[in-house]
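This is the structure I want to talk about, given as structure tokens.
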Amino acid sequence: MAIQRSSLGTRDWRDAERAMVSGLTEGDHLVVSRGLYSHHGIYLGAGQVAHYKGLSNGLFCRQQDTRICVVPLARFAGDTAIRVVRYPSAPFNRSQVVKRARSRLGEDNYRILFNNCEHFARWCWLNSNSSTQVRTGAAITLGAMILGGVALVIGRGGSR
């Protein structure tokens, strides 16, 4: 589904964008890769995605505006593939998910560990403020700290 605009003429770009949209349904929880992390949003229909700007442009970009906003699907995806998260037994239907996403537009309460783009998308579908990325990152960090501590202890013991 990824499209590189620079390689397409205007007409081809619009055709490619229409093809990208054709496989999506209003309310879809979209995920795109940003290298070290994934970026999440809710598809609102008509080629529009609600998402927390936060780190949407990358980990090392200075960005002042972190509000929940609406952007065109192609801008949300950039030049990466789009994955859709499915919720077979969610408490909300698709129109409710879209309504919930729209209810938070303009919110500026981005917190990378406690209120990020994945928290937002999961809240829209599940009313759950959780992030698998944060949980996984915390587990990896904790594991690295434990292994580092063990290595330090072993290293000190071996130098006596």
Measuring centre to centre across the rings, with the benzene-like ring taken for any Trp, is Phe120 within less than 6.0 Å of His51? no

Kindly compute the distance separating CZ (Arg67) from NZ (Lys53), expressed to the nearest 0.5 Å.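 Arg67 CZ to Lys53 NZ: 5.5 Å, rounded to 0.5 Å.
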
Honestly, is Arg100 close enough over Phe92, meaning NZ or CZ under 6.0 Å from the six-membered ring centre and within 45° of the axis?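 That pair qualifies as a cation-pi contact.
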
What pairs with Arg104 under salt bridge (charged side-chain N to carboxylate O under 4.0 Å, His left out), at least two apart in sequence or on another chain?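 If we apply the salt bridge (charged side-chain N to carboxylate O under 4.0 Å, His left out) test to Arg104, skipping adjacent residues, the hits are Glu107.
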
Taking all atoms of both residues into account, what is the closest heavy-atom pair of Gly41 and Phe76, and its distance? N-CZ, 3.5 Å

Should Arg122 and Val85 be marked as a side-chain contact (heavy atoms from CB on, under 4.5 Å) after you check the CA-CA gap, both sets of side-chain angles, and the distance that decides it? CA-CA 10 Å; Arg122 290 177 58 83; Val85 177; 6.0 Å; no

Spacing of CG belonging to Asn93 relative to NZ belonging to Lys99, to within rounding of 0.5 Å: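 With rounding to 0.5 Å, CG (Asn93) is 10.5 Å from NZ (Lys99).
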
State, to 0.1 Å, how close Thr80 and Ser33 come at their nearest heavy-atom pair, and which atoms those are. CG2-O, 3.5 Å

Answer yes or no: is there a side-chain heavy-atom contact under 4.5 Å between Val97 and Ile42? yes

As an exercise, state the distance from OG1 of Thr66 to CG of Asn116, rounded to the nearest 0.5 Å.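 One gets 11.5 Å once the value is rounded to the nearest 0.5 Å.
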
Heavy atoms, side chains only, cut-off 4.5 Å: are Leu44 and Val49 in contact?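 Side-chain contact under 4.5 Å: no.
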
Under 6.0 Å between the ring centres of Tyr52 and His39?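 Centroid distance Tyr52-His39: not below 6.0 Å, so no.
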
If we only count heavy atoms from C-beta on, is the Leu126 to Pro91 side-chain gap below 4.5 Å? yes

Side chains of Leu30 and Leu24: does their closest heavy-atom pair fall under 4.5 Å?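 They are in contact (side-chain heavy atoms under 4.5 Å apart), so the answer is yes.
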
Working to the nearest 0.5 angstrom, can you tell me the gap between Cys124 SG and Tyr87 OH? 9.5 Å

Considering all heavy atoms, the nearest Trp125-Ala90 contact: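 That closest heavy-atom pairing would be CE3-CB, 3.4 Å.
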
Heavy-atom side-chain proximity of Ile82 to Val31 below 4.5 angstrom: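 SC-SC contact between Ile82 and Val31 ruled out.
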
Quick one: pull up NE2 in His119 and CZ in Arg111 and give me the separation to the nearest 0.5 Å. 12.5 Å

Nearest heavy atoms of Ser38 and Cys117, plus distance in Å: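 Of all heavy-atom pairs spanning Ser38 and Cys117, the closest is O-SG, 4.2 Å.
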
Does the side-chain contact (heavy atoms from CB on, under 4.5 Å) test come out yes or no for Tyr110 and Asn115, once each step is laid out? CA-CA 5 Å; Tyr110 182 85; Asn115 195 36; 5.9 Å; no

Heavy-atom closest pair, residues His40 and Ala121: CB-CB, 4.1 Å

Once you round to the nearest 0.5 Å, how far does CZ of Arg86 lie from NE2 of His29?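 One finds 11.5 Å between CZ of Arg86 and NE2 of His29.
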
Is the closest side-chain heavy-atom distance between Glu118 and Trp123 below 4.5 Å? no

